[in-house]
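Comments concern the structure below.
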Amino acid sequence: MRELSYREALNEALVQAMDADPDVILIGEDIGTYGGAFGVTRGLLDRFGTGRVIDTPISEAGITGACVGAAISGLRPVGDMQFSDFITLGMEQLVLQGARMRTMFAGQVKVPLVMRLPGGAGTGAAAQHSGSYENWFVHVPGLKVVMPASAYDAKGLLLAAIDDDNPVIFCEHKLLYNTRGHVPEEAYREPLGVSRVWRRGRDLTLVATSMMVALALEAADQLAGEGIDVEVIDPRTLRPLDETPIVESVIRTGRLLVVHEAVETGGFGGEVVARVVASEAFDYLDAPPLRLAGKDVPVPQSEVLEAAAIPQFRDIVRDARKLARNEV
Amino acid sequence: MQNAARESLPQCQALKVLGPAGLKASLASMLLIRAFEERVDQLYLAGRTRGTLHLSIGQEATNVGALHALRAGDRFFSHHRGHGHALAWTDDPRRAMADILGKSGGFCEGFGGTMHMADVKSGFLGGNGIVAGGLPLSTGVGLAIQLRAEDAVCLVLFGDGAANEGALHEALNMASIWQLPVIYICENNSYAMSTPVNRSINVETISSRATAYGFPGFTIDGNDFLEVFDCVHAAASRARKGGGPTLVEALTYRIKGHSRSDRQAYRSREEVRRWQEPDRDPLLRLEATLLHAGIVDEEELSAMRLRASDRVDDAVAWAEAAPAPDPSGLLDHVYA
């Protein structure tokens with residue numbers, strides 16, 4: 001089976017989208033000769049030229065506005081935020097302009113853009129280069145939010161995001177770039193708004209996103225040895241959220257644990273729990289739904305502090321075990 | 001401020017490009033804006049509008065001069081004080097009034113209101129509630145025009161207040177390095193809400209900032225229709241030929257308060273009156289010029305004023321009779 005890294009899968013998606021459609025352009029800092037801060041756009045400048053791989057000054061509001069303006073003009077820009085944290089400098093253009101424009105103008109415009117946000121902790125880059133901001137965007141009507149956890153989904157979801165006629169926030173994880181997996185060569189699409197059930201299980205529903213999916217699957221393997229059968233579901237698209245498989249799963253397992261790296265308060269876990277509790281799965285719950293998420297602290301630099309702030313493999317095992325044994 | 005152009009109308013680009021009929025149409029547009037805004041002010045005072053309101057009275061020459069210098073296929077972004085732009089471009093007071101009254105049948109069907117009129121197909125890419133919001137957007141439109149080698153320009157209007165937003169710096173710099181066909185029109189109406197321009201910037205002119213980005217900047221009399229038209233027309237011609245962006249600072253004056261809550265404690269009545277005198281009021285100035293040149297006579301001018309007023313009457317009646325938006329469509333436009 002053909003294997004690519006998550007980085008290569010994203011690169012291949014960009015190449016295939018740009019080959020197929022001259023309206024697809026890339027806009028961002030150091031995406032040309034440098035190949036992007038994490039190497040995702042390597043080789044694209046040579047292939048597509050400066051007209052379509054547009055290196056910008058360090059101007060995140062400018063980049064975001066350029067993407068929105070180009071999108072309403074019929075292009076399909078893919079913006080590169082270098083670090084997810086930097087989108088804070090482009091929030092007005094993204095949220096007040098890009099996300100709101102279509103409704104404000106009663107449907108007169110489409111805003112088909114993708115904004116790639118390399119996020120997440122684990123590199124010792126401290127509080128301004130490690131954030132997970134996905135839920136900020138989940139809170140914005142008009143945006144879609146995509147968060148691939150594997151190389152396969154990175155490619156298929158990016159191609160689908162570029163096809164989409166709406167602004168799509170594409171949350172990548174820096175620690176996933178080197179992870180490898182099966183990636184077909186053809187330009188396949190993974191539809192937005194469809195959850196992936198990674199593993200079936202009877203005892204506990206574990207909903208995880210991004211980096212946490214791999215840790216959740218490892219945890220499920222370990223717990224299987226203890227006789228605890230864990231189902232692992234990855235929403236992949238946080239907005240719109242495909243909650244049906246989650247609700248159906250909880251009806252079978254009676255237990256829900258949501259794991260994500262972003263801080264717990266106001267995080268996506270709250271949304272998942274709220275939807276499950278308000279669904280027909282409520283009557284089947286055998287224990288309170290739990291969240292395991294980043295601590296409510298800016299991500300620290302030191303390895304031990306950073307690890308304490310972000311959910312680890314052992315934390316997932318601990319909480320899942322506790323929940324499965326009714327120790328909560 | 002004597003209007004030099006009055007004596008030199010034959011030398012104006014405006015006359016060459018628009019012709020006498022076009023000049024009359026521009027004056028009619030300015031008269032319509034004035035009549036429209038005065039009526040909207042009354043509607044507000046009578047409690048018939050919702051939300052805030054930013055009136056264009058006093059800025060008609062910049063509104064119309066800038067937009068009538070464009071042509072079909074061009075695009076522009078307006079700002080929060082944008083009724084004048086919407087009317088100058090679309091000449092459709094019914095739809096504008098429907099938006100202001102929150103009715104169906106306007107530009108934005110009850111979603112946008114006073115600050116978010118747009119007529120995208122015609123190139124009017126919308127008003128904006130964020131003062132410098134249109135500036136970064138114009139970069140993307142300029143890029144699209146350039147990448148597709150279209151014979152078009154993008155114009156973006158903003159106020160003197162917006163000149164101090166960081167977004168302006170990013171947008172102007174990007175447009176300059178890529179030589180985008182974007183024209184920046186700063187409508188310097190002397191006050192950012194209550195703060196006078198001279199307390200917001202420490203240089204003589206806003207247009208001097210263009211030097212820092214490496215493209216031309218001009219400060220012009222924004223109450224002189226002919227000067228605004230000629231300057232914007234020249235900037236657009238240059239941009240069409242790949243000459244890059246231009247920053248135009250049009251000096252004008254906001255006769256009404258900033259918005260509905262403004263008690264105008266920051267300026268004297270005398271100052272406002274001074275700007276309404278015949279040598280400064282943009283309507284009176286263009287009227288005098290066209291009379292002097294024999295393009296209109298007094299009788300025709302009276303008829304034009306009457307027609308503007310009638311069209312506003314019609315717009316109000318039409319908008320008031322229009323249905324309210326249907327709440328069942330509330331979520332229709334969130335996603336394409």
Side-chain angles (χ1 to χ4, degrees), chain A residues 22-23 25 27 50-52 54-77 79 89-90 92-113 140-144 164-168 192-193 239-240, chain B residues 75 77 99 104 106-113 115-121 124-130 132-148 150 154 156 165-175 177-178 180 182 325 329-336:
Chain A
D23 287 337
I25 60 168
I27 303 177
T50 52
R52 294 180 68 196
I54 303 170
D55 261 330
T56 70
I58 301 178
S59 299
E60 288 81 9
I63 292 167
T64 311
C67 287
V68 177
I72 64 170
S73 304
L75 297 177
R76 307 189 87 83
L89 292 134
E92 180 267 320
Q93 287 291 306
L94 182 68
V95 174
L96 300 189
Q97 311 295 342
R100 307 238 194 277
M101 198 181 275
R102 183 174 164 78
T103 289
M104 286 193 302
F105 300 165
Q108 291 185 61
V109 289
K110 286 180 188 167
V111 190
L113 71 85
V140 179
L143 297 180
K144 295 187 179 182
D164 200 278
D165 277 337
N166 298 285
V168 180
L192 307 189
R239 185 193 248 279
Chain B
R75 278 82 116 173
F77 289 98
D99 280 347
S104 191
F107 294 109
C108 53
E109 293 293 326
F111 286 98
M115 284 189 284
H116 305 293
M117 295 175 194
D119 187 42
V120 173
K121 279 203 178 81
F124 173 19
L125 301 180
N128 214 309
I130 304 301
L135 285 147
L137 300 175
S138 71
T139 309
V141 176
L143 260 180
I145 290 171
Q146 189 180 64
L147 287 175
R148 291 172 162 177
E150 287 179 57
C154 180
V156 53
E165 291 275 20
L168 175 129
H169 171 64
E170 297 192 13
L172 269 59
N173 183 52
M174 287 164 89
I177 57 174
W178 298 330
L180 298 181
V182 180
L330 179 65
L331 304 180
D332 282 0
H333 308 301
V334 180
Y335 293 100

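Throughout, a chain's letter reflects where its sequence line sits, starting with A, and its residues are numbered from 1.
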Side chains of B:L180 and B:L143: closer than 4.5 Å at any heavy-atom pair? yes
Validation row: A:R239, A:P141 side chains within 4.5 angstrom (heavy atoms): yes
Checked B:V334, B:D119, B:D332, B:T139 vs chain A; the most non-hydrogen pairs under 4.5 Å come from B:V334
Donor-acceptor contact present, side-chain A:Q108 to main-chain B:G126, <3.5 Å: no
Interface moiety of A:L143 toward chain B, non-hydrogen atoms closer than 4.5 Å: backbone
Can you classify the ring geometry of A:F105 versus B:H116 as parallel (below 30°), tilted (30 to 60°) or perpendicular (above 60°)? tilted
When only pairs under 4.5 Å are counted, which of B:M174, B:M115, B:E109, B:H169 shares the most heavy-atom pairs with chain A? B:M174
Close side-chain approach of A:L94 and A:V140, heavy atoms under 4.5 Å: no
Given heavy-atom pairs under 4.5 angstrom as the criterion, report whether the side chain, backbone, both or neither of A:Q93 touches chain B. side chain
Between A:I54, A:T64, A:I58, A:V68, who has the most heavy-atom pairs with chain B when the cutoff is under 4.5 Å? A:I54
Can you say whether A:D23 sits under 4.5 Å from chain B via the side chain, the backbone, both, or neither, judging by heavy atoms? side chain
Against chain A, work out which of B:I130, B:D99, B:L331, B:L125 has the most heavy-atom pairs shorter than 4.5 Å and name it. B:I130
Is the shortest distance from a Lys or Arg side-chain nitrogen in A:D165 or A:K144 to a carboxylate oxygen in the other one below 4.0 Å? no
Most contact-rich option vs chain B, by heavy-atom pairs under 4.5 angstrom, among A:P240, A:S73, A:G90, A:C67, is A:S73
Which bit of A:L96 is near chain B, if near means a heavy-atom gap under 4.5 Å: side chain, backbone, both or neither? side chain
Could you tell me which residues satisfy side chain to side chain contact (heavy atoms under 4.5 Å, CB included) with B:A132, sequence neighbours excluded, listed by chain and number? B:L135, B:A162, B:E165, B:A167
If you count heavy-atom pairs under 4.5 Å with chain A, which of B:P325, B:G127, B:A118 comes out on top? B:A118
